[in-house]
Amino acid sequence: MVTLQYDPALPEARSDPFPLYKRLREEDPVHWSEALDAWVLTRYDDVVAVLRDPRFSADRSRARNRLAQEAMAAAEEYGRPGRGNTMLTSDPPEHTRLRLLISKAFLPHAVEKLRPHIQEIADQLLDEAPEPGRLDVLMDYAYPLPLIVIAELMGVPAEDRAQFKRWSDDIVATLGGSFSSPGLVERAAKSGHEISEYFREVIAQRRKQPKEDLVSVLVAAADEGDDLSEGQLLATCIVALIAGSETTRNLIANGMLALLRNPDQLEKLWSDSSLVEPAVEELLRYAGPVQCTARVAMEDLEIDGHAVEAGQVVFTMVAAANRDPAHFADPERLDITREHNYHVAFGSGIHSCLGQPLARLEAHIAFSTLARRIPNPRLATEALEWGPSFILRGVKSLPITFSA
Ligand code: HEM
């Protein structure tokens, strides 16, 4: 019998990981992955329990596994400026302080004010699509939309977006460890340097001349003694740009692909755009972009009879939890009218996604605009290429045709 192993280097870990998640959940829900040198959890209750358990740290530098050591060696070799702890990788009380600094900008009422402008951007992108009756949902729409929004919020020129995309694609490609060629690791390091230099410059400008943007808010917090180091300031800018764009991009593209592959659901949404809110929740559950996050055990403990040692890494597979039949009826089915959809696509506990209101607003606008303006969409090809990250899963391009 072939033993069941989760190996993120397998192509299906990116193209279609769901059959593997199902097997793991059924046969080995607290799984030791040799490839990851870490535990892999696929049941909803286990994932949520770990994400809410203070015995686990989000500071990956505390990990004692092979991959963390390799990542640290690569950071030494290539040097990565701006890699101070951000809220994503810190624990309370530091996490609480860092999160508070920028949380105001992402509260639902602050975000709701952006609605007319986001709508304008969505319409303009479709107006500018290069060919009538054809659209690359990823390149023409899903990638620029959230990137323009977050760039504007941060106060950096949206015209620099091709450069932001290259930098963040390179950095995201190596998230979760070096399951990639050495070339990719070098590129990520080079892009890390370039994006840091870019933001160093922006920070210096805002110091001289503050504006009404997120970078100015962070600079003021750092300068007013909020105990935000220069490295943390820089790292927070980089994380906000990447977290605010790569994720929503992949939700729009993966979500559209899921709809195209379930034409009855697409038809339902296209004929009744009042369904857009439950539809986006279902797309987050069924085709969410973030497959997993990770925590480090801070003490020896047990998960369902398995001994987890202090310093070991635990991958919480939120995308697998979202298809756990213990919590979702008929979980492998896309149902845009699903009720009580308590998915964990945005994580759980103190690190749960700060950008949720913005991501939801962008996705509501993105899908309702497509439904209004892109009649009878069809996939132009089944030959889709998936990006290199098993953590942030998404296609590189999504060409469709439609009735012009
Ligand atoms: C569909 C889109 C998105 C998804 C699926 C998503 C998913 C997630 C997940 C799963 C986490 C938890 C990570 C962990 O526990 O280790 C997270 C955290 C975070 N997300 Fe998002 N995200 C999305 C969009 C955004 C947007 C638009 C922003 C805006 C800037 C954003 C900013 C953040 C930040 C700052 C954190 C860290 C929060 C903390 O550590 O306290 N995300 N996100």
Side-chain angles (χ1 to χ4, degrees), residues 41 47-48 50-53 56-60 85-108 110-111 114 118 142 145-154 164 168 172 175-176 213-215 217-218 232 235-256 280-296 313-322 343-367 391-394:
L41 306 183
V47 163
V48 169
V50 166
L51 292 178
R52 292 179 167 267
D53 186 338
F56 288 92
S57 169
D59 181 354
R60 278 68 160 179
N85 258 356
T86 66
M87 75 185 97
L88 256 171
T89 51
S90 58
D91 299 322
E94 195 184 22
H95 169 262
T96 322
R97 185 171 54 75
L98 291 172
R99 184 161 168 133
L100 210 67
L101 281 180
I102 66 164
S103 58
K104 269 199 206 120
F106 294 102
L107 289 174
V111 162
L114 303 172
I118 299 176
L145 178 65
L147 196 45
I148 294 173
V149 175
I150 192 75
E152 289 184 353
L153 269 179
M154 297 186 72
F164 296 143
S168 66
V172 163
L175 269 187
D213 58 36
L214 202 55
V215 177
V217 171
L218 289 170
Q232 282 176 326
T236 302
C237 290
I238 297 171
V239 162
L241 187 87
I242 297 178
S245 56
E246 291 265 342
T247 46
T248 313
R249 171 215 297 187
N250 292 326
L251 171 63
I252 300 170
N254 295 359
M256 186 63 188
V280 163
E281 296 312 304
E282 178 66 345
L283 294 173
L284 278 159
R285 182 192 75 83
Y286 182 89
V290 178
Q291 301 302 292
C292 57
T293 180
R295 294 291 185 269
V296 184
V313 174
V314 178
F315 279 82
T316 47
M317 310 303 288
V318 291
N322 281 339
H343 63 74
V344 283
F346 288 120
S348 186
I350 59 168
H351 289 276
S352 76
C353 181
L354 181 70
Q356 286 177 61
L358 179 60
R360 285 197 164 102
L361 178 63
E362 289 173 336
H364 294 159
I365 294 174
F367 284 104
I391 294 185
L392 255 183
R393 176 174 170 267

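For reference, positions follow the sequence shown, starting with 1. This structure is a prediction, so every number in the text was calculated from the model and none was measured. Both ligands and their constituent atoms are indexed starting at 1 by order of listing. These values consider heavy atoms only, across backbone and side chains, with no hydrogens, waters or symmetry-generated copies.
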Item checked: Flag side-chain contact, heavy atom, 4.5 Å: Thr316 against Val48 -> no

Next item on the list: Heavy-atom contacts with Arg295 under 4.0 Å: which atoms of ligand 1 show up? List them by number with element.
Entry: 14 (C), 15 (O), 16 (O)

Next item on the list: Quickly, which of Asn254, Val318, Leu251 forms a side-chain contact (heavy atoms from CB on, under 4.5 Å) with Leu284? Name it, please.
Entry: Leu251

Check: Would you say the side-chain atoms of Asn250 pair up with the backbone N or O of Gly288, donor to acceptor, closer than 3.5 Å?
Finding: no

Check: Is the shortest distance from a heavy atom of Gly288 to ligand 1 less than 4.0 Å?
Finding: no

Checklist line | Proximity to ligand 1 by part of Arg99, non-hydrogen separation under 4.0 Å | finding: side chain

Item checked: Part of Glu246 with heavy atoms under 4.0 Å of ligand 1, whether side chain, backbone, both or neither -> neither

Notebook entry, point to check: What atoms of ligand 1 come closer than 4.0 angstrom to any heavy atom of Phe106?
Noted result: 29 (C), 30 (C)

Notebook entry, point to check: Which heavy-atom pair separates Ala366 from Leu145 by the least distance, and what is that distance?
Noted result: CB-CD2, 3.8 Å

Item checked: Side chain, backbone, both or neither: Gln356 near ligand 1, heavy atoms under 4.0 Å -> neither

Item checked: Nearest-option assignment for atom 28 (C) of ligand 1, heavy atoms, candidates Gly355, Ser103, Ala363 -> Gly355

Check: Closest approach of Met154 and Cys237, non-hydrogen atoms and distance?
Finding: CE-O, 3.3 Å

Check: When Phe164 is tested against each of Leu241, Ile148, Ile150 for side-chain contact (heavy atoms from CB on, under 4.5 Å), which residue passes?
Finding: Leu241

Checklist line | ligand 1 contact on Leu251 by region, counting heavy-atom pairs under 4.0 Å | finding: side chain

Check: Under 4.0 Å from any heavy atom of Arg60, which atoms of ligand 1 are there?
Finding: 16 (O)

Next item on the list: Would you mind finding which of Thr247, Val280, Val111, Thr89 brings a heavy atom closest to atom 23 (C) of ligand 1?
Entry: Thr247

Next item on the list: Begin from the C-alpha positions of Val280 and Phe367 and carry the test side-chain contact (heavy atoms from CB on, under 4.5 Å) through to its verdict.
Entry: CA-CA 8 Å; Val280 163; Phe367 284 104; 4.0 Å; yes

Notebook entry, point to check: For ligand 1, does Pro289 get within less than 4.0 Å through its side chain, its backbone, both, or neither, judged by non-hydrogen atoms?
Noted result: side chain

Check: Taking N or O atoms only and a 3.5 Å limit, does Met87 qualify as a polar contact for ligand 1?
Finding: yes

Next item on the list: Take Leu147 and Arg249 through the test side-chain contact (heavy atoms from CB on, under 4.5 Å) and record every step on the way to the result.
Entry: CA-CA 8 Å; Leu147 196 45; Arg249 171 215 297 187; 5.6 Å; no

Next item on the list: Within a distance under 4.0 Å of any heavy atom of Ile350, pick out the atoms of ligand 1 and give their elements.
Entry: 41 (O)

Note to self: Starting from atom 6 (C) of ligand 1, what is the nearest protein heavy atom, named by residue and atom, and what distance separates them?
What the structure shows: Phe346 CD2, 3.7 Å

Note to self: Against ligand 1, does Val344 come closer than 4.0 Å with any heavy atom?
What the structure shows: no

Note to self: Assess the residue pair Phe106 and Leu153 against the criterion (side-chain contact (heavy atoms from CB on, under 4.5 Å)); give the C-alpha distance rounded to whole Å, side-chain angles, the decisive distance to 0.1 Å, and a yes or no.
What the structure shows: CA-CA 10 Å; Phe106 294 102; Leu153 269 179; 4.1 Å; yes

Item checked: Val111 versus Ala105, closest heavy-atom pair with distance -> CG2-O, 4.0 Å

Check: Can you tell which part of Gln291 has a heavy atom less than 4.0 Å from ligand 1: side chain, backbone, both or neither?
Finding: neither

Checklist line | Non-hydrogen side-chain atoms of Gln232 and Thr86 separated by less than 4.5 Å | finding: no

Item checked: Protein residue, atom and distance nearest to atom 36 (C) of ligand 1, heavy-atom basis -> Leu354 N, 4.1 Å

Item checked: Heavy atom of the protein closest to atom 37 (C) of ligand 1 (residue, atom name, distance) -> Leu88 CG, 3.6 Å

Check: Which is it for Val318 and ligand 1 at heavy atoms under 4.0 Å: side chain, backbone, both or neither?
Finding: neither

Check: Are a donor atom and an acceptor atom from the side chains of Ser57 and Arg295 found within less than 3.5 Å of each other?
Finding: no

Note to self: Heavy-atom contact check, 4.0 Å cutoff: does His95 meet ligand 1?
What the structure shows: yes

Check: Relative to ligand 1, is Thr293 under 4.0 angstrom through side chain, backbone, both or neither, heavy atoms considered?
Finding: side chain

Next item on the list: Could you tell me the separation between the CZ atom of Arg360 and the CD atom of Gln356, rounded to the nearest 0.5 Å?
Entry: 5.0 Å

Check: Do His343 side-chain atoms and Ala321 backbone N/O form a donor-acceptor pair below 3.5 Å?
Finding: no

Check: If every non-hydrogen atom of Cys292 is compared with every non-hydrogen atom of Met317, which pair is closest and at what distance?
Finding: CB-SD, 3.4 Å

Next item on the list: Specify the protein heavy atom at minimum distance from atom 25 (C) of ligand 1: its residue, its atom name, and the distance to 0.1 Å.
Entry: Ala243 O, 3.3 Å

Notebook entry, point to check: Ile150 heavy atoms, cut-off 4.0 Å: which ligand 1 atoms fall inside?
Noted result: 30 (C)

Checklist line | Which residue and heavy atom of the protein sit nearest atom 12 (C) of ligand 1, plus the separation | finding: His351 O, 3.4 Å

Notebook entry, point to check: Who's closest to atom 43 (N) of ligand 1 heavy-atom-wise, of Ala345, Gly347, Cys353?
Noted result: Cys353

